[in-house]
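Whatever order the structure lists them in is the order used to number ligands and atoms, beginning at 1.
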Amino acid sequence: MFIPRACTVAVLLSLTLAAAGDPDWRVALEKELPFANTQDFDFAARGFIATRDAHEIKGAAGNVVYDLSQYDFLKADAPPSVNPSLWRQARLVTRHGLFKVADRIYQVRGFDVATVSFIVGDRGYVVVDPLVSVETAKAAFDLVKTHVGEKPVVAVIYSHSHADHYGGVGGIVSAADLAEGRVKIIAPEGFMEEVVSENIIAGTAMSRRARFQFGVTLDRGPNGEVTSGLGPALSRGTRSLIAPTDLIDHTGQEMTIDGITVTFQITPGTEAPAEMNFHLPQLRALFLAENASATMHNLLTPRGALVRDAKAWADYLTESIRLFGPKSDVMFAAHGIPRFGTAVIGEFLSKHRDAYKYLHDQSVRLMNLGYTGPEIAETIRLPEALAHEWYNRGYYGTMSHNSKAVYQRYMGWYDANPASLEPLPPEPAAKKHVEAMGGAAAVIGKAQQAIHSGELRWAATLLNYVVFADTANGFAKGMLADVYTELGYRAEAGTWRNIYLTGAQELRTGVANLPPASFALDVLRATPTSMLLDFAAVRLNPDRANGKRIVIDVVLSDFNEKHRISVENSVFIHEEDVQDDTAEATVTLARAELLQSLLAGMPPPPDTAAKYVELVSLIDPVDANFAIVTP
Ligand SMILES: [Zn+2]
């Protein structure tokens, strides 16, 4: 089947790929998966009230923060360039509008990557997980006010510490509401610590890698981004953060909020380090945060993160089933679709739990038999009874990636083979491989054979050697881009598709020059200075710092804080409230001035001590656009 490609470098190869693009895998997939089972679409449509008239949600400057029409292309049948299973999932998770989930429970879905829920109390709304941006959260709330009723927000619940679940809070709660105690903000214990810490130290690399996972630079459409598999694209608006007023610290903790009784279950260390589910006994409704979704989730997100615990995840779901399963007529979540009926919920929870438990237990079993990460990933498959449930398919996380994550959690990167202890890094290894195989032309020839026999993964490995041995080899880059494109088109996971297609894009047109990700001001304000100094420490250039000794006290004029910063042996140490007279200089700065000069590359205020200027000169700028698909 011919698939048109943007690349013209390797037209010959495109034709070869097209010829080899026997749709057997597609036919097999369509036969294997229960496309005739449309229950999920019934659940996704149930209770639809209305959606927003204007498809664009705009920011104050007229910028488009979110466009509800961006996935309209999904109305067509799955094209050859998209895996039909992913196409189905994308249709499901992009359906947008206001839905009545149950008596007193509403959701606005498809207005952002996440879903916001509204529970109607006696006087007002309890809002759960107010999206990424102030603008999308406000648009969702406006829709609720129009169709359900004009009432105030009386409480907000953050289910967990990821930005798509709190960033829009400023769109529905004002500073005055808070100051006058009109709104409670409820979150799991550890929420603020996790919010401010997750993306700081490794944030630069994470945002660069996130571009691949979310297809940030891809167009949306049949040849580009077709969701991340979890939900529609992230909105690009103003992010906010309001600190919680009430923390939940144990399972079984109960609160009555505006006449609604809420029983919490804390689930730390699952999808987020601080996360919780809750049950509404009067409404027989269960909210599962991001612990049970319409996809297999990530144990190790491809953008990079600390690895999550599959066993804890499964164990908490077992607890949810015992505590709440039989007492629930409806379940809803922070992404995806609600599910209706006690039996349906029970089966969903058990089988979804079983998928994580199987993934964990069987990965460990194989590990204990001596298999390494890539070997486990190649072998492990869910049993048919689990694999055929749509919600266990790997649209966001995958069995392959997750089984390696289980290995990593227990064993780390080293597979115990001495050959892996100190292998050559990618670039010199590539040069040696290409040389050993008889030169670039010979390797390209072997890659062509691999493509002919349908071994695209091997073709990618071979061509990656050629590109890493010689980035000027445009033919190899074009050919590798075509192979990545085909792998992307075949991928069932939205994340994998985005990763392959972004790789192809960067091979063809280079790395898009994007500015470093910036922190939401509210998040920055809430972040302890010490944590920001940690971020400076990991940017110290050891060569420039070599032989230097600096000891400075920084007094923050607006924060009542004093930090001792010392640099010696190319190591940046900071301590708070040190009282002695060994500092070579004391500088007094507003906290913003400290952050701007130390972390954002702006010059320190004039007449700042020379030692401080020297310190600033040792901190490397952020490289937001480092190479990935080339050396
Ligand atoms: Zn989320």
Item to complete: Kindly indicate whether a cation-pi arrangement holds for R95 with F48, taking the cut-offs as under 6.0 Å to the six-membered ring centre and within 45° of the axis.
Response: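 Here R95 passes the 6.0 Å and 45° test against F48.
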So that I can check it, does any N, O or S atom in [X] come closer than 2.8 Å to the Zn ion (ligand 1)?
X    : answer
E271 : no
E290 : yes
H165 : yes
H335 : yes

Close aromatic pair by centroid cut-off 6.0 Å: [X] and [Y]:
X    : Y    : answer
H352 : Y356 : yes
Y410 : H360 : yes
Y106 : F118 : no

Worksheet item: Do S320 and Q265 have a side chain donor and acceptor closer than 3.5 Å?
Response: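 Indeed, the side chains of S320 and Q265 share at least one donor-acceptor pair under 3.5 Å.
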Worksheet entry | Nearest to the Zn ion (ligand 1) - the N/O/S atom of D164, by atom name |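 Nearest to the Zn ion (ligand 1) within D164's N, O and S set: OD2.
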